[in-house]
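Only one structure is covered here, and it is reproduced in the block below.
To find a chain, count down the sequence lines: A is the first, B the second, and so on, and within it residues start at 1.
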There are 2 protein chains.
Amino acid sequence: MNTQDLCLGVLHLGDASGYEIKQTFERALSHFQSPSYGSIYPALRKLQSAGWVTQRIEDQDKRPAKKIYSLTHEGRSRFLQVLSQTEPQEICKSDFVLLAFFAHLLSTDQLAAIVQQHLNTIEMDLEKLQAIQGREDLPPGMRFSIDYGIEVKQARLKFVRKHLSRLLQEHQHYGDPA
Amino acid sequence: MNTQDLCLGVLHLGDASGYEIKQTFERALSHFQSPSYGSIYPALRKLQSAGWVTQRIEDQDKRPAKKIYSLTHEGRSRFLQVLSQTEPQEICKSDFVLLAFFAHLLSTDQLAAIVQQHLNTIEMDLEKLQAIQGREDLPPGMRFSIDYGIEVKQARLKFVRKHLSRLLQEHQHYGDPA
DNA sequence: ACCTACATGTAACCCGTTACATGATTTG
DNA sequence: CAAATCATGTAACGGGTTACATGTAGGT
């Protein structure tokens, strides 16, 4: 799904500015999508020209003014239509797995550093997700999607931790005389 | 990592044609990258102009001729350099999680169909990976990356299967009078 | 004095997918 | 006979990231 439709989705949860939309992605949705400002702001303008959102300006004290966007009726039905046509595919591009795949071209120290960095990244992502986990007020689907993200990240952590020392050992001795 | 460098990596495993490179991605690497012909063929031409690969033509009986590419010394060191500069990040874009997140906007039937489709997709991916699993002759890193892919996919399957009926039940009753 | 958060936006650039074009051969 | 496999390639199109530009306010 592209940034435009993604923004429509976030606005379905409530009015928001471009900045706030980005925050929402980072807090709750970063495990499956997180577009940058460079695509969010242009998307909002396009949504406005299409008549799917309206804009109002909210002045603030000691803060820059916000441009708050609201879904129109058309925007609402547009998002429902997009959702019903979206295939549940998952696209993963993992440079970590790639590096592991070509680990025989790296030193054991390099490999160890890569794995450690990967563990750290997952741990941080996990904390972000756990911070929003367990809210009773959320719809079941949202809770499911958050729990799913957590479970999959924990599976990664568990696997890497379990196989780390063996990997490094075998890596060090790979190519040794048989 | 972009298609050019990815091709360099595959060619590091042995000479291959564009078609064969694509096959390699689909068989062994699809869980983290799988570029299309539309990016592979142009990439190979660029690699050739850069002097990182050479091309030879291999005629075949009752088959179109192949253009086999081989890494040059420069190509080899170029890939090592790229590898050592690659950060182990993972980017996942999951329309499945997105659909789950907005499940309250869908009917229970739609949700059930989506989850089922997702399960089927994972099962197929898993079979592909398991087909190449357990080869003793592969370097430890390659085995690790394959096992990692399998483990993560199994975690997904397990989670979805475990929570499926509850999700659908809660979804059906969500919004009911408290 | 500097960094972070708040807040919006543009433009260059990179990059990839999809769809099309071509054509022989094998398999169901 | 139709569909899949082998084999290469192009072009249009869509889409996003990065980096830059601007400015205030609060914290260290």
Side-chain angles (χ1 to χ4, degrees), chain A residues 1-8 10 15-27 29-30 32-50 53 55-69 82 86-87 89-95 98, chain B residues 1-8 10 15-27 29-30 32-50 53 55-69 82 86-87 89-95 98:
Chain A
M1 192 174 297
N2 62 28
T3 305
Q4 263 189 66
D5 294 328
L6 248 18
C7 287
L8 236 34
V10 172
D15 296 356
S17 64
Y19 191 83
E20 288 163 350
I21 288 172
K22 174 91 171 65
Q23 285 186 321
T24 301
F25 280 119
E26 272 177 8
R27 280 183 198 144
L29 315 172
S30 64
F32 61 95
Q33 281 278 347
S34 205
S36 61
Y37 290 126
S39 70
I40 290 174
Y41 287 119
L44 287 169
R45 213 174 334 112
K46 282 175 204 157
L47 290 174
Q48 209 182 346
S49 330
V53 303
Q55 187 198 73
R56 68 170 189 275
I57 291 168
E58 218 163 77
D59 289 314
Q60 293 182 107
D61 210 40
K62 307 193 173 180
R63 285 266 165 250
K66 282 181 188 176
K67 296 187 177 173
I68 308 279
Y69 295 88
V82 168
T86 298
E87 298 287 312
Q89 55 170 330
E90 281 184 335
I91 298 162
C92 285
K93 306 209 167 170
S94 171
D95 280 349
L98 180 89
Chain B
M1 192 174 295
N2 62 28
T3 305
Q4 263 188 66
D5 294 329
L6 248 20
C7 288
L8 235 33
V10 172
D15 296 357
S17 65
Y19 191 83
E20 289 163 349
I21 288 173
K22 175 90 188 323
Q23 284 186 322
T24 301
F25 279 119
E26 272 176 7
R27 280 183 197 144
L29 314 173
S30 65
F32 61 95
Q33 283 278 346
S34 206
S36 60
Y37 290 125
S39 69
I40 290 174
Y41 286 119
L44 288 170
R45 212 173 336 111
K46 283 174 206 158
L47 289 175
Q48 209 182 345
S49 330
V53 302
Q55 188 198 72
R56 69 170 189 274
I57 290 167
E58 218 164 77
D59 289 314
Q60 293 182 107
D61 211 40
K62 307 192 174 181
R63 283 272 164 243
K66 284 181 189 177
K67 296 186 177 175
I68 308 279
Y69 295 88
V82 168
T86 298
E87 298 287 311
Q89 55 170 329
E90 281 184 336
I91 298 162
C92 284
K93 306 210 168 170
S94 171
D95 280 350
L98 181 90

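Both Pro42(B) and Glu20(B) sit near DNA chain D, but only Glu20(B) has its closest nucleotide nearer the 5' end. Mapping Arg63(A) and Arg63(B) onto DNA chain C by nearest heavy atom places Arg63(A) at the nucleotide closer to the 5' end.
Leu44(B) is not listed as a side-chain neighbour of Lys67(B), based on a closest heavy-atom distance of 4.5 Å or more. You'll find the side chain of Leu29(B) stays beyond 4.5 Å of the side chain of Leu6(B), heavy atoms only.
Between the P atom of dT8(D) and the CD1 atom of Ile40(B) lies a distance of 10 Å, rounded to the nearest Å. Atom CD in Gln33(A) sits about 9 Å away from atom P in dT17(D), given to the nearest Å. Atom CD of Gln60(A) and atom C1' of dT24(D) are 12 Å apart (whole Å). Spacing between atom CD1 of Ile57(B) and atom C1' of dA7(D) amounts to 12 Å, rounded to whole angstrom units. If you take NZ of Lys66(B) and P of dT5(D), they are 16 Å apart, rounded to a whole angstrom. For Tyr37(A) and dT18(D), the OH to P distance is 14 Å, given to the nearest whole Å. Rounded to whole Å, the distance from CD1 on Ile91(B) to P on dT17(D) is 9 Å. Atom NZ of Lys62(B) is separated from atom C1' of dA7(D) by 17 Å (rounded to the nearest Å).
Side chain of Asp95(B) to backbone of Leu98(B): no donor-acceptor contact under 3.5 angstrom is found. A donor-acceptor pair under 3.5 Å links the side-chain atoms of Asn2(A) to the main chain of Asp5(A), judged by distance alone.
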Return a table of donor-acceptor pairs under 3.5 angstrom between the side chains of residues 16-26 of chain B and protein atoms on other chains or two or more places apart.
from: Ser17(B); atom 1: OG; to: Glu20(B); atom 2: N; distance (Å): 3.2
from: Ser17(B); atom 1: OG; to: Glu20(B); atom 2: OE1; distance (Å): 3.4
from: Glu20(B); atom 1: OE1; to: Ser17(B); atom 2: N; distance (Å): 2.9
from: Glu20(B); atom 1: OE2; to: Lys66(B); atom 2: NZ; distance (Å): 2.6
from: Lys22(B); atom 1: NZ; to: Glu26(B); atom 2: OE2; distance (Å): 2.8
from: Thr24(B); atom 1: OG1; to: Glu20(B); atom 2: O; distance (Å): 3.0

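To the nearest 0.5 angstrom, Ser94(B) atom OG is 9.0 Å from Gln89(A) atom CD. Residue Ile91(B) holds its CD1 atom at 8.0 Å from NZ of Lys93(A), rounded to the nearest 0.5 Å.
For DNA chain C, the outermost nucleotides in 5' to 3' order that have an atom under 4.0 Å from a heavy atom of chain A are dA5(C) to dT10(C).
Here Ser36(A) reaches the OP1 or OP2 of dT17(D): one of its side-chain N or O atoms lies under 4.0 Å away. For Thr3(A), no side-chain nitrogen or oxygen approaches OP1 or OP2 of dG15(D) to under 4.0 Å. Taking only side-chain nitrogens and oxygens, Gln23(B) comes nearer than 4.0 Å to OP1 or OP2 of dC6(D). A close approach under 4.0 Å does not occur between any side-chain nitrogen or oxygen of Tyr19(B) and OP1 or OP2 of dT8(D).
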